[in-house]
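Every number for a ligand or one of its atoms is a count from 1 in the order of the listing. Sequence positions, counted from 1, serve as the residue numbers for this chain.
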Amino acid sequence: MTGNIFSKTTIDYGSIVNKDAQYVMQTYTRQPIALDSGSGSVVFDTNGKEYVDCVAGVAVNNVGHCHPRVVEAIKQQAERLIHVSNLYYTGIQANLAEQLVSLSNMDRVFFCNSGTEAIEAAMKLARITTKKTDFVAADNSFHGRTMGALSVTHKEMYRTPFEPLVRDVTFVPYNNAESITDAITGNTAAVILEPIQGEGGINIPSGDYLKAVREVCDDTDTLLIFDEVQTGFGRTGKWFCKEHFDVVPDIMTMAKALGGGFPMGAIAAKDDITFGKSEHGSTFGGSPLACAASLGAIEAIREEKLVERSKDMGAYFKARLGNLRRDDLVEVRGRGLMIGVELNTKCTDIVDYALEHGVLLNCTSDSVIRIAPPLVITKEQIDMVVDVIEQA
Ligand SMILES: *Cc1c(COP(=O)(O)O)cnc(C)c1O
């Protein structure tokens, strides 16, 4: 191998699609573009066409694409140490743990590499802590694709082909605390909920729901797990979504925006809820490079006040979308820059039209356009996106 990797990856769209079709398992329904570079809230395809990105790698690129703080952190760390395993301490992992504990108001963290792994860790931790086995999860939940996480994910289409999964998971309607009271048994280890449902269609619970669930869990000695994989790191206008509802979970999961675009996951837990020696582990979890990227991203969120910005830009975006002149508009809902536009038609045509007109959008649960741009998006970019959705 000679030369740099970019001379080999910058190939035309048609050849990329052909190679993908031949060499990559065809699990994804991809949009008909190949992305090549990005900066802030925009990305460029291999033809040099520019897009305002309202997907952000599925709520990952909160600080924007290639944020200088993240790029610099990765560069510096890459020249120093990339990976060492968890057989050894590193200063950078200890520092990130301290930061995450402080930001999340929890007590200890465990590092892994993705959202689904964070869910696996949370489920194992709940079982080993309580010595109970069962879980209660919500209708329309999404927690990931590995066997444990899939067991608490609601969608039949994802689950059924892979059964038997972890048994003894009871699904209850979201935003209904009484149904949780009924579902909890003497063998329920934990209730697992997204504080706002993402993949399920940007479903926001009423103000007292999570508080009521917390009470039920306390009364029955059941742990409460919040899946903040999608809602974390400023996405909803708070560092973590739980702050909107003033509820403290026993365990929370993080991933997506945690690494500033670099793959990373973690759980954080309260008090004495913790793994003991050898009870869990990960080769890559909390690698120096991942921790550097994450520290860079956290610094960027602080410096640019992106949590506040998410709140303000989210309010602006929602107000503009609320006045959308579309006959098929049902509802606009969201917190911060996690916004759902529900239509009474399928939204795939709008996604296609937007792509043609320079906007990346994505739909969840068929009829909800999910808008989750980088938190650095500008008012001008928001105006442009709203115009495109209106014309679509
Ligand atoms: C994306 C997501 C996951 C899974 O994360 P992966 O990194 O794709 O494994 C889990 N929970 C929620 C709420 C998510 O949005």
Please list, in number order, the atoms of ligand 1 under 4.0 Å from a heavy atom of [X].
{"X": "Thr116", "answer": "4 (C), 5 (O), 6 (P), 9 (O)"}
{"X": "Asp227", "answer": "10 (C), 11 (N), 12 (C), 13 (C)"}
{"X": "Glu194", "answer": "13 (C)"}

task: Could you say whether the N/O atoms of Glu199 and ligand 1 ever approach to under 3.5 Å?
output: no

- request: Decide whether an N or O pair under 3.5 Å exists between Ala255 and ligand 1.
  value: no

message: For Phe275 and His280, take the angle between the two ring planes, folded into 0 to 90°, and tell me which bin it lands in: parallel under 30, tilted 30 to 60, perpendicular over 60.
response: tilted

message: Below 30° counts as parallel, above 60° as perpendicular, anything between as tilted: where do the rings of Trp239 and Phe233 land?
response: perpendicular

- prompt: Is it the case that Arg326 and Gln391 place a side-chain donor and acceptor less than 3.5 Å from each other?
  reply: no

Pair Ser206, Asn175: side-chain N/O donor-acceptor within cut-off below 3.5 Å: yes

query: In terms of residue, atom name and distance, what is the protein heavy atom nearest to atom 6 (P) of ligand 1?
result: Gly115 N, 3.5 Å

query: Side chain, backbone, both or neither: which part of Lys256 has a heavy atom under 4.0 Å from ligand 1?
result: side chain

query: Should Val172 and Ile184 be counted in the same cluster of Ile, Leu, Val, Met, Phe, Trp and Tyr side chains packed under 4.5 Å apart?
result: yes

message: I'd like to know if Arg309 pairs up with Glu304 as an ion pair, taking the criterion as any Lys NZ or Arg NE/NH1/NH2 lying under 4.0 Å from an Asp or Glu carboxylate oxygen.
response: no

